[in-house]
Amino acid sequence: MNTTATSAHAAPASRTGTTAGRRGLLAGAGFAALFVGGIALAGLLGTGVYPSPLDSESAAATYFADNQGVVLLQGILHTLAAVPLALFAASTGNRRARLAGWAAAVALAASGLINAAIPTLDATGGALHTLHYLTFLAGGQLHVPLLGLMVAASTRALAPTAPRWTTVLGTVAASLAVLSLVSFATESAMLLLPLGRFTSILWIVVTAVRRRRA
C-alpha cells in the first residue's frame, strides 16, 4: 500500500478517535457537573443539610418542608446526570464496564426521580420516610457500588496504556465504592459511600480528559 493510500485510511480513523474522545469528555464532565452541581446548589440555596435516612423523622420532615424547591431542583439535576453517565459507560469499550455503568445510571435516575417526587407529591409522614429511604438506597447503596464496578472494569481494560497513577486512582476508587456495600450491614461504613462516589467521579473526569488528549 502506498503512502497516499495509508494516509487516506489513517485520516478517517484519526477523526473517529477525536470524535469519540470529545464525546467521552463531554459525557464524563457532564455527569460530574450535573451531579456535583446538584449537591452544591442544595448547599447554597437550601437551609440546613440534606438529611440522612438515619436522622430523626422530624428533622427530615423539617428539611423537606423548608426546601421543596431545592429538593426538586436537585432531583432533576441528578436524574439528568444519569444520561451522560450512561454515555460515558458506553464509550468505555468494555462490556462489563458498560453494563455496570448503565446499571449505575439507572439507579441514579431512580434516585433523582424519587427525590423530585417528594416535593411534587408534598409527601409527609410515612410516605416521606419511605421515599427518603428509597432515594438514599438507589442513589447511594446501589448506585455507588455499581459505579465502582464500572471504574474497576474500565481501569483494568485501560491499564496497559494508561499512566500508572490513573490506574492506582481507579483501583482505589473502585475498591472504596464496592466496599461501600458493607453499609448495608453497619452504619459505621456509611463514610465509604461519599469516599467511593467522589473518587470515582474524579477518576471519570481524569480518564475522560486523558482520552480526549490522546
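Values below: every heavy atom of this structure, side chains too, minus hydrogens, waters and symmetry copies. Predicted model only: the values in this text are computed from it and were never measured.
Rounded to the nearest 0.5 Å, atoms CG (Leu121) and CD1 (Ile114) are 11.0 Å apart. With rounding to the nearest 0.5 Å, the separation of CZ in Arg197 from CD1 in Ile39 is 6.0 Å. Here the OG1-CD distance, from Thr135 to Gln74, works out to 9.5 Å after rounding to the nearest 0.5 Å. Atom-to-atom distance recorded for Leu137:CG and His132:NE2 is 12.0 Å, nearest 0.5 angstrom. Atoms OG and CG, from Ser200 and Leu147 in turn, are 4.5 Å apart once rounded to the nearest 0.5 Å. Tyr133 contributes atom OH, which lies 11.0 Å from atom OG of Ser52 (distance to the nearest 0.5 angstrom).
Within the 4.5 Å cutoff, the side chain of Leu87 has no heavy atoms near those of the Phe31 side chain. Two residues are said to be in side-chain contact when any heavy atoms from C-beta on lie closer than 4.5 Å; Pro84 and Leu34 meet this criterion. Contact of the Phe198 side chain with the Leu195 side chain is not registered, since no non-hydrogen atoms from C-beta on lie closer than 4.5 Å. Here the side chains of Met150 and Phe88 are in contact, with some heavy-atom distance below 4.5 Å. Leu72 places none of its side-chain heavy atoms less than 4.5 Å from the side chain of Ile118. Put simply, the side chain of Gln141 does not reach to within 4.5 Å of the side chain of Leu181, judged on heavy atoms.
Closest approach of Ala208 and Gly28 over heavy atoms only: CB-CA, 4.4 Å. Listed here is the closest heavy atom pair of Thr92 and Ser154: CG2-OG, 3.5 Å. Here the closest non-hydrogen pair linking Ala82 and Ala105 is CB-O, 3.2 Å. Between Thr199 and Gly196 the shortest heavy-atom distance is OG1-O, 3.3 Å. Val71 and Pro119 make their closest contact through CG1-CD, 3.8 Å (heavy atoms, listed as atom of the first residue, atom of the second, distance). Closest heavy-atom contact between Ala123 and Leu131: CB-CD1, 3.8 Å.
Remark: side-chain polar atoms of Ser183 are paired, donor with acceptor, to backbone N or O of Ser180 under 3.5 angstrom. Between the side chain of Thr207 and the backbone N or O of Ile204, no donor-acceptor pair lies under 3.5 Å. A donor-acceptor pair under 3.5 Å is absent between the side-chain atoms of Trp203 and the main chain of Leu169, judged by distance alone. For the pair Thr166 (side chain) and Pro163 (backbone), a donor-acceptor distance under 3.5 Å is present. With Thr79 contributing its side chain and Leu113 its backbone, the two residues share a donor-acceptor pair below 3.5 Å. Of the possible donor and acceptor atoms, one in the side chain of Asn67 sits under 3.5 Å from a partner among the backbone N and O of Thr47. Using a distance-only test at 3.5 Å, with no hydrogens or angles considered, no donor-acceptor pair links the side chain of His143 to the main chain of Ala107. A donor-acceptor pair is defined here as one N or O able to donate and one able to accept, closer than 3.5 Å; such a pair exists between the side chain of Thr171 and the backbone of Thr167. Side chain of Asn115 to main chain of Ser111: no donor-acceptor pair is present (N/O by atom type, distance under 3.5 Å, no hydrogens or angles).
Phe35 and His78 have parallel rings, their planes meeting at less than 30° on a 0 to 90° scale where 60° marks the start of perpendicular.
Side-chain atoms of Asp122 and Gln68 include a donor-acceptor pair closer than 3.5 Å.
Hydrophobic clustering of Ile, Leu, Val, Met, Phe, Trp and Tyr side chains at less than 4.5 Å, counting indirect connections, keeps Leu176 apart from Val206. Ile201 and Val172 sit in two unconnected hydrophobic clusters of ILVMFWY residues. Membership requires side-chain heavy atoms under 4.5 Å apart, directly or through other members. Met190 and Leu179 are not part of a single hydrophobic cluster, where members link through side-chain heavy atoms under 4.5 Å apart. Linking Ile, Leu, Val, Met, Phe, Trp and Tyr whenever their side-chain heavy atoms come within less than 4.5 Å leaves Leu146 and Val151 in two separate clusters. Put simply, Val83 and Val106 are part of two different groups of oily side chains (I, L, V, M, F, W, Y) that touch within less than 4.5 Å, one to the next.
Aromatic ring centres of Phe136 and Tyr50: separated by at least 6.0 Å.
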